[in-house]
Asker: 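Supplied in structure tokens, the structure appears directly below.
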Amino acid sequence: MRTSQFPLNTVKETPADAEIISHQLMIRAGLVRKLAAGLYNWLPLGVKVLQKVQTIVREEMNNAGALEVLMPVVQPAELWQESGRWEQYGAELTRLNDRHGREFCLGPTHEEIITELARNEIKSYKQLPLNYYQIQTKFRDEIRPRFGIMRSREFIMKDAYSFHSDEESLQQTYDRMYLAYNNIFNRLGLDFRPVLADTGSIGGNASHEFHVLADSGEDAIAFSTDSQYAANVEKAEALAPSEPRGEASETLQKVSTVGQRSIEEISNFLNIQPQQCLKTLLVNGDEDNVIALVLRGDHQLNEIKAEKLAGVASPLTLASDDDIKRIAGCNAGYIGPIGLDIPMIVDRSAAQAANFVCGANENDQHFTGVNWLRDLAEADHIADIRQVVAGDKSPDGQGTLTIARGIEVGHIFQLGTKYSEAMKASVLNEQGKNQTMTMGCYGIGITRVIAAAIEQHHDDKGIIWPAALAPFQVALLPMNMHKSERLKAASETLYEQLIEAGFEVIFDDRKVRPGFMFSDMELIGIPHRIVLGDRGLDNGMVEYRGRTDTENVDIPLQDIIQHLKDRC
RNA sequence: CGGGGUGUAGCGCAGCCUGGUAGCGCAACUGCUUUGGGAGCAGUGGGUCGGGAGUUCGAAUCUCUCCACCCCGACCA
């Protein structure tokens, strides 16, 4: 492609409404343009990247035995009524009527449609298993679309649905999809983790989310240094400390801590580590009472874990200041477990603490050298209520946990019979009896993958495409070609040769200054750059520079194609 | 939906408080010069100041109202 025929539409200034780096770069590099909230036009350069992703996904899905289908975006209400989701789904499901007043919706997903298709097309167990997939536009009227392509209302998704006569077959396909997803994200050149996911209300046996690791990710993920264990931080279990509790060597003392309220202030004031403190949080119980939660000073409460415990109100809410004063006799900041006469849930780590510091239930007073059993009753309700932190033991007993942020780009799920039962999708089994099919579903956010890739691969100059995603592999930049016939001839020849050799080349034949070309090509993230200049041609040389290189390398003109082949 | 904020040229912004000729930078277009890291000079075009209503002799500016968009919370690929 020539830039004279393939406009790059780059912009120098960062758009004001783009918050995260991928959104800014996708607009600056001319991949997308916003049409309305959560709706984007894809420009030619963006479409090239989209197609790269789609091609890889298609190849791996086909390799895994899945069959491509294509289902409508507009879906009849009847099917959603059959599955019960017409009522369940809220405003996120966009509903509309046709000219006859019949009800339809814009598909946020396609379980209903595929189940309808399968129950008509699949009659016998002999046809199973079967795995259908499509690459199709979805529409979800998100409460708050944000982060550009990352969470838009309209987006492109690869969704697959498998049908089986038994659980074993489902597990086989699930495992195959798990592998295919690993292949896909590996080929895309992304640093990712398959993460154990909650099967939630839909049920089923297993579910994994695939997360691309990036600091801007919306989810925090804990994974083991030594094993395959990985889970959303919200779900990751914090094990009890393995080492025994320390000796009660210090004596109990009440100390004045005027004005020192937070754990940070207390530990600075007393010159101790935060983990030597215990903090006591008062939360509302589920029957108009108040419950104390005790955690180590360096740990954070995991609200999701806490609100699942019996007695704790869900959703979790903190006790009011009035209740705190009435029950503890002091302000928040000086609450402690000693002498508190309400139900108390103690975190596993806090229960192992010895010689700790805690509030004295008296303003401006703390206890030091506190020990369970000696100074207050041994905790009778110990539970896991904290957020895991980096360095914790992995719940599977192997290695320690590392915490990273992730962007969910894929999700595989054993659905079971939720839809097939509601919609009566059955086959005849070997006994000639009707049998409900078991289902799995497998999604990849195609458009989100692109944003995630940019979040993970960029620098201050722009995008750094992984090889598989780059819209062009090679940028061919002649310096002031319009002034030199010799340079023009050499550039045109090399351009032809590169195409002949199978490279996707962007040939910058614009009459612009060199710096302009460099900046554009770096912004749009082309992995390999060849610069041709009169100076180099005198010696039969061209310059090569990879996108992340800091130095140019002179390469003889006749060797450049081989040089590129070695690097691609 | 709750809370906060912004709408002025394609993009980024000033002007608004204190009403009186609509501005700056970038981009675009023309010409000349320049040409190895987003050039310089000169010139040109481009605006119902988000929409509507009101106050006023006069509204980008004050008032009311509607709309759009962005940010923080509950959802998800």
Side-chain angles (χ1 to χ4, degrees), chain A residues 7-20 23-24 27-28 30 33-39 53 57 88-93 107-110 135-160 181 185 197-198 200-201 208-212 217-219 232 303-304 315-316 406-413 441-452 461-462 477-484 487 508 510-523 529 531-536 542-543 545 552:
Chain A
L8 293 177
N9 304 116
T10 54
V11 290
K12 199 157 34 168
E13 295 194 64
T14 303
D17 57 1
E19 177 87 347
I20 57 169
H23 189 193
Q24 295 171 0
I27 288 170
R28 290 226 293 130
R33 292 285 184 258
K34 187 171 81 173
L35 178 66
L39 301 176
V53 180
V57 170
Q88 280 170 27
Y89 243 94
E92 205 171 290
L93 184 68
T109 175
H110 282 74
I135 294 177
Q136 176 64 295
T137 296
K138 311 285 184 203
F139 189 86
R140 294 182 190 169
D141 199 355
E142 292 276 349
I143 303 166
R144 180 147 91 90
R146 60 181 137 172
F147 301 147
I149 293 303
M150 195 77 83
R151 181 178 296 280
S152 50
R153 290 192 290 182
E154 188 176 299
F155 57 98
I156 299 172
M157 183 169 158
K158 187 285 300 175
D159 48 331
Y181 274 41
F185 296 120
D198 196 355
S201 54
H208 284 87
E209 293 168 353
F210 287 75
H211 284 261
V212 167
E218 291 187 81
D219 298 292
N232 201 303
E303 297 187 15
I304 289 169
L316 188 105
I407 300 163
E408 188 188 351
V409 291
H411 198 164
I412 59 177
F413 215 104
C441 73
Y442 320 91
I444 291 180
I446 300 283
T447 38
R448 180 180 280 187
V449 159
I450 295 172
K461 294 173 186 160
L477 309 185
M479 300 289 96
N480 304 307
M481 181 171 72
H482 60 282
K483 288 201 334 197
S484 164
L487 183 56
D508 203 339
R510 295 175 294 182
K511 191 177 166 183
V512 295
R513 297 163 68 89
F516 200 92
M517 289 183 181
F518 296 152
S519 302
D520 258 0
M521 293 304 158
E522 282 159 352
L523 177 59
R529 177 177 97 188
V531 173
L532 283 136
D534 264 319
R535 282 202 310 251
V542 299
E543 286 166 30
R545 182 150 161 183
N552 294 330

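Letters go in sequence order (proteins before strands), and every chain restarts at 1.
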Asker: Looking for any heavy atom pair under 4.0 Å, which part of the strands does A/V531 touch: base, sugar-phosphate only, or nothing?
Answerer: base
Asker: Counting Watson-Crick and G-U wobble pairs only, both distances under 3.5 Å, name the nucleotide matched with B/rU21, or none.
Answerer: none
Asker: Tell which nucleotide pairs with B/rG38, taking only Watson-Crick or G-U wobble pairs whose two distances are both under 3.5 angstrom.
Answerer: none
Asker: Which is true for A/D520 with a 4.0 Å heavy-atom rule: it touches a base, it touches only sugar-phosphate, or it touches nothing?
Answerer: base
Asker: Quick one: on RNA chain B, does A/R144 or A/A37 contact a more 5' nucleotide (nearest heavy atom)?
Answerer: A/A37
Asker: Find which nucleotide of RNA chain B each of A/A36 and A/V11 is nearest to by heavy atoms, and output the residue with the more 5' nucleotide.
Answerer: A/V11
Asker: Going by side chain to side chain contact (heavy atoms under 4.5 Å, CB included), name the residues that satisfy it together with A/E543, two or more places apart in sequence or in a different chain.
Answerer: A/V531, A/N552, A/D554
Asker: Mind checking who B/rC29 pairs with, Watson-Crick or G-U wobble, both distances under 3.5 Å?
Answerer: B/rG43
Asker: Can you tell me the base-pairing partner of B/rG2? Count Watson-Crick or G-U wobble geometry only, both distances below 3.5 Å, and say none if there is no partner.
Answerer: B/rC72
Asker: Could you pull out all residues at least two apart from A/S152 that satisfy side chain to side chain contact (heavy atoms under 4.5 Å, CB included)?
Answerer: A/Y40, A/F155
Asker: Heavy atoms only, 4.0 Å cut-off, all strands: where does A/T14 land among base, sugar-phosphate and nothing?
Answerer: sugar-phosphate
Asker: With a 3.5 angstrom cut-off on both distances, give the Watson-Crick or G-U wobble partner of B/rU48, or none if there isn't one.
Answerer: none
Asker: Taking the same atom, C1', in B/rG10 and in B/rA28, what whole-Å distance lies between them?
Answerer: 8 Å
Asker: Can you tell me how far P in B/rC57 sits from the matching atom in B/rC11, rounded to whole Å?
Answerer: 37 Å
Asker: Determine whether a donor-acceptor pair (N or O, by modelled atom type, separation under 3.5 Å) exists between the side chain of A/R28 and the backbone of A/T10.
Answerer: no
Asker: Under a 3.5 Å cut-off for both distances, is B/rA77 Watson-Crick or wobble paired, and to whom?
Answerer: none
Asker: Would you mind classifying the nucleic acid contact of A/N552 as base, sugar-phosphate or nothing, using non-hydrogen atoms under 4.0 angstrom?
Answerer: base
Asker: Given the C1' atoms of B/rU8 and B/rG2, what is the spacing between them in whole Å?
Answerer: 30 Å
Asker: With a 4.0 Å cut-off on heavy atoms, is A/I156 in touch with a base, just the backbone sugar-phosphate, or nothing at all?
Answerer: nothing
Asker: So what does A/I143 touch, heavy atoms closer than 4.0 Å: a base, only the sugar-phosphate, or nothing?
Answerer: base
Asker: Please classify the nucleic acid contact of A/R545 as base, sugar-phosphate, or nothing, using heavy-atom distances under 4.0 Å.
Answerer: base
Asker: Under 4.0 Å, counting only non-hydrogen atoms across every strand here, what does A/M157 touch: a base, just sugar-phosphate, or nothing?
Answerer: sugar-phosphate
Asker: Provide the distance between the two C1' atoms, one in B/rU44 and one in B/rC70, to the nearest whole Å.
Answerer: 35 Å
Asker: At the 4.0 Å heavy-atom cut-off to chain A, mark where contacts on RNA chain B begin and end, going 5' to 3'.
Answerer: B/rC1 to B/rA77
Asker: Provide the distance between the two P atoms, one in B/rG5 and one in B/rU48, to the nearest whole Å.
Answerer: 28 Å
Asker: For B/rC76 and B/rG12, measure between their C1' atoms and round to the nearest Å.
Answerer: 33 Å
Asker: Under a 3.5 Å cut-off for both contacts, is B/rA14 paired Watson-Crick or G-U wobble with anything, and if yes, with which nucleotide?
Answerer: none
Asker: So what does A/R146 hit on the nucleic acid, given a heavy-atom distance under 4.0 Å: a base, only sugar-phosphate, or nothing?
Answerer: sugar-phosphate
Asker: Heavy atoms only, 4.0 Å cut-off, all strands: where does A/R529 land among base, sugar-phosphate and nothing?
Answerer: base
Asker: My understanding is that a pair needs two contacts under 3.5 Å, Watson-Crick or G-U wobble. By that rule, which nucleotide pairs with B/rG58?
Answerer: none
Asker: P atom, B/rG45 versus B/rG54: distance in rounded Å?
Answerer: 35 Å
Asker: What does A/S484 touch in the nucleic acid at a heavy-atom separation under 4.0 angstrom: a base, only the sugar-phosphate, or nothing?
Answerer: nothing
Asker: Remember a base hit wins even if backbone is also touched, and classify A/K34 as base, sugar-phosphate or nothing at under 4.0 Å, heavy atoms.
Answerer: sugar-phosphate
